[in-house]
Amino acid sequence: MKKIFGTEIYDVIVIGAGHAGIEAALASARIGCKTLLTTLSLENIAMMPCNPSIGGPAKGHLVREVDALGGQMGLAADQTCIQFRTLNVSKGLAVRALRAQADKKIYQAAMKEVVENTDNLDVKQVLVEKILVEGNRVGGVSTETGEVFHATAIILASGTYLNGRIIIGETIYDGGPNGQRAAIKLSSSLIDLGIRLMRFKTGTPARVDGRTLDFSKMQRQSGDEPPQCFSFMTTERTRNAVDCWLTYTNERTHEILRRNLHRAPMANGVIEGIGPRYCPSIESKIIRFPDKERHQLFLEPEGLRTQEYYVQGMSTSMPMDVQVEFLRTIPGLERAKIMRPGYAIEYDCIDPLQLKSTLEFKTIGGLFSAGQSNGTSGYEEAAAQGIIAGINAAMLVKNLEPLVLKRSEAYIGVLIDDLVTKGTAEPYRMMTARAEYRLLLRQDNADMRLTEHGRRVGLVDDDRWEKFRSKKEDIDRATKLLLEKKLTPSVEINEKLSAAGLDEIKSSMPLSELFRRSEVRYEALRKIFELPSISDEAARQIENNFFYEGYIKKQSEEAAKAERLEEKMIPEGIDYDEMINLRAEAREKLSMIKPRSIGQASRISGVSPADISVLIVHLERQRRSQP
């Protein structure tokens with residue numbers, strides 16, 4: 001019998017030290033809670049088991065938001081980036097996105113250093129096997145080594161390690177990403193607590209030896225000059241140190257894959273988990289898009305001190321001989337040697353419909369969940385959930401109001417609301433199309449939207465707060481002047497505009513009106529009209545605010561209208577069975593999800609506008625009947 005020992009007491013325990021676990025633990029500790037971060041391996045803190053990059057469409061927005069709240073991912077990405085590149089530059093501002101190639105090992109080392117030097121935070125290499133519950137509240141965790149740790153709040157951030165199974169063709173074994181151990185018994189503990197689990201699958205491509213690649217047959221993908229940064233606190237601009245490379249599959253590649261589909265685990269029934277629709281394996285692409293002549297692949301360096309290249313777009317679980325054969329049909333990879341095989345991983349995750357908007361379980365007080373254990377995919381989605389779970393666990397410990405971000409406030413709000421209101425039938429990936437108010441949720445204004453929230457909960461330090469206030473004052477002051485200063489057509493004014501390369505004006509207008517022209521920049525107007533000198537970041541935000549003013553106003557009005565439904569709160573413990581006019585499906589969904597407001601109820605799949613009307617009438621009758 002295993003000897004139980006150890007009675008150390010913490011405020012918060014975080015299970016897992018991936019991207020969700022790190023942000024959760026740092027948030028909790030920085031707010032002032034005594035926190036324990038557990039990990040299967042100290043060497044794999046902040047490991048990037050998949051692509052060597054941070055950001056991208058919608059994901060880059062999440063990184064900026066985590067940073068604005070006082071999180072760590074943006075700072076670490078800036079510190080360890082080896083190439084910055086802005087995506088969708090030819091499209092509108094709302095979908096433009098920053099993406100950084102990171103040096104994986106340096107990123108891990110940077111995060112590990114921060115974690116190990118944060119006050120109130122202990123880090124332990126230990127396998128948690130069981131969550132201890134007393135009544136309907138968490139009490140602590142027990143571990144493989146017999147240690148028991150007690151806590152008021154516990155955050156599950158186990159990623160893809162829960163009952164993980166690695167699949168490479170006919171080769172199958174229990175394990176986590178990159179050959180790590182899997183957490184087998186923890187899944188059983190969750191089931192014993194009555195928690196519903198789902199079985200998902202994700203995958204990764206082979207890593208190839210850069211010395212065996214012929215880059216002359218590929219298209220160079222260089223970084224931005226000058227490079228941008230993720231964090232609002234970063235002052236030193238990272239230099240672009242590497243290039244990425246673009247190549248394509250071809251008909252020979254597809255023929256080899258088609259010929260071997262009977263050996264594909266996803267096709268022969270070996271893989272049971274549901275995979276991500278928006279990041280399919282190469283064999284899935286061949287099946288789903290039979291008429292497509294080629295698929296693009298990006299060769300991405302994994303770091304400055306390694307020859308490993310990540311073959312982005314070539315995720316696979318095919319047998320090794322097939323992987324070698326089809327890789328060598330690709331231009332530039334004819335002599336490629338595989339350093340790590342592509343593989344699929346099946347894992348357990350929870351049904352997120354069991355969570356509140358705070359990421360706390362509805363039925364177990366003090367138990368939170370964040371990251372891929374909630375059915376999401378991606379480092380950025382994990383970090384975004386992690387910081388919210390860490391904040392709200394700390395708020396629970398301190399008996400303070402939790403932080404719930406609205407859909408009109410942040411992509412983080414969209415992400416969490418989608419999970420806890422709609423659930424997910426496949427690994428959830430954040431996309432700009434999921435946000436109704438994406439012009440309000442731009443990358444450039446994440447600090448204006450969220451820094452005050454971070455300050456309220458205790459995550460934004462004095463330096464960040466002072467920098468935010470200074471930028472906000474600059475924006476407000478310059479905006480006021482631009483609105484107040486009137487331009488009247490005259491020879492003098494038009495000569496000044498022409499000298500600056502701007503078109504003349506023919507009618508009177510406020511100076512701000514000039515920003516409706518896409519080519520107008522604040523700095524050019526500052527020199528002509530004696531405007532205050534402000535930072536480039538503040539200037540860009542002013543330009544964007546005025547250029548998109550009409551659209552921003554419309555989305556703001558729509559958000560305000562939707563907010564009225566969010567303010568109509570639904571009492572806890574309401575009995576939906578009493579509402580005989582509700583359809584059976586709506587009654588079942590509302591009873592299961594327990595929405596906090598009419599607005600959230602209206603977004604539940606299976607709840608119709610007619611059902612919402614019944615619910616509103618019922619709540620109004622209840623209100624009137626109260627003394």
Side-chain angles (χ1 to χ4, degrees), residues 16-23 25-26 37 39-56 59-60 62-64 66-67 71-86 98-118 121 123 125 159 176-180 204-205 207-211 213 221-245 298-312 339-340 371 378-380 382-383 386-387:
H19 305 283
I22 284 176
E23 296 293 350
L26 288 174
L37 175 63
T39 175
L40 290 168
S41 171
L42 288 172
E43 303 311 314
N44 291 317
I45 289 174
M47 181 176 68
M48 292 182 172
C50 199
N51 55 308
S53 66
I54 299 289
K59 292 171 177 282
L62 290 174
V63 179
R64 282 272 174 91
V66 168
D67 181 72
Q72 197 65 33
M73 177 174 269
L75 287 163
D78 290 347
Q79 182 183 348
T80 63
C81 174
I82 53 180
Q83 188 200 77
F84 272 115
R85 185 179 175 89
T86 303
L98 184 62
R99 188 171 187 264
Q101 295 295 139
D103 187 304
K104 283 188 171 183
K105 290 300 181 184
I106 300 177
Y107 184 91
Q108 284 181 250
M111 279 293 202
K112 188 170 186 284
E113 181 180 3
V114 170
V115 165
E116 291 180 355
N117 289 281
T118 296
L121 180 56
V123 189
Q125 179 172 296
N178 279 7
Q180 301 304 306
T204 190
R207 273 67 157 182
V208 294
D209 189 333
R211 295 170 298 177
L213 303 179
Q221 303 287 297
S222 300
D224 296 338
E225 289 297 346
Q228 299 185 54
C229 293
F230 278 116
S231 177
F232 293 98
M233 295 300 290
T234 298
T235 54
E236 291 187 15
R237 294 296 193 236
T238 306
R239 295 175 65 88
N240 289 311
V242 298
D243 291 317
C244 296
W245 302 87
F298 291 95
L299 276 294
E300 302 175 347
E302 298 239 322
L304 296 176
R305 296 176 177 85
T306 178
Q307 287 293 339
E308 281 189 83
Y309 274 75
Y310 181 92
V311 190
Q312 174 76 268
M339 299 178 73
R340 303 187 199 219
Y379 312 143
E380 304 84 359
I387 195 170

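Each residue takes its place number in the sequence, starting with 1.
Partners of L213 according to the side chain to side chain contact (heavy atoms under 4.5 Å, CB included) rule, which considers only residues two or more places apart in sequence or in another chain, are V208, F215, M218, L299, Y309, L333, A336. Remark: L75 engages D67, Q72, S231, M233, T234, R464 in a side chain to side chain contact (heavy atoms under 4.5 Å, CB included) (not counting sequence neighbours). When the salt bridge (Lys or Arg N to Asp or Glu O under 4.0 Å) test is applied to E23, no partner is found at least two apart in sequence or on another chain. Take D224 and apply the salt bridge (Lys or Arg N to Asp or Glu O under 4.0 Å) test, not counting sequence neighbours, and it matches no residue. Looking at residues two or more places apart in sequence or on another chain, you find a side chain to side chain contact (heavy atoms under 4.5 Å, CB included) between S222 and R220, D243. R211 pairs by the salt bridge (Lys or Arg N to Asp or Glu O under 4.0 Å) definition with D209, not counting sequence neighbours.
How far CD of E300 is from CD1 of I82: 9.5 Å, rounded to the nearest 0.5 Å. In this structure, F298 CZ and Q101 CD are separated by 10.0 Å, a value rounded to the nearest 0.5 Å. One finds the CG atom of L62 at 11.5 Å from the CD1 atom of I387 (value rounded to the nearest 0.5 Å). Between the CZ atom in R99 and the CG atom in N51 there is a gap of 6.0 Å [rounded to 0.5 Å]. Separating the OG atom in S53 from the CD atom in Q312 is a distance of 6.5 Å, to the nearest 0.5 Å. Note that CD of E308 and CZ of R207 are 7.0 Å apart. Values are rounded to the nearest 0.5 Å.
Using modelled atom types, one side-chain atom of Q125 and one backbone atom of L42 make a donor-acceptor pair closer than 3.5 Å. Remark: side-chain polar atoms of Y107 are not paired, donor with acceptor, to backbone N or O of P52 under 3.5 angstrom. Side-chain N or O atoms of Q228 include none that pairs as donor or acceptor with a backbone N or O of F84 at under 3.5 Å. No donor-acceptor pair under 3.5 Å is formed between the side chain of K112 and the backbone N or O of I45.
Contact detail for M48 and A102: the closest heavy-atom pair is CE-CB, 3.9 Å. The heavy-atom pair separating C81 from A100 by the smallest distance is SG-CB, 3.7 Å. Nearest approach of A77 to F230, heavy atoms of both residues: CB-CD1, 3.8 Å. A110 and T80 get closest at one heavy-atom pair: CB-CG2, 4.0 Å. Taking each heavy atom of A383 and M73 in turn, the nearest pair found is CB-CE, 3.7 Å. Nearest heavy atom pair, residue A25 against residue L121, reads CB-CD1, 3.9 Å.
Looking only at side-chain heavy atoms (C-beta outward), L98 and R64 come within less than 4.5 Å of each other. Looking at heavy atoms from C-beta onward, T204 lies in side-chain contact with Y310 at the 4.5 angstrom threshold.
Within 6.0 Å of CD on E113 lie no more than 12 heavy atoms contributed by other residues, nucleotides or ligands.
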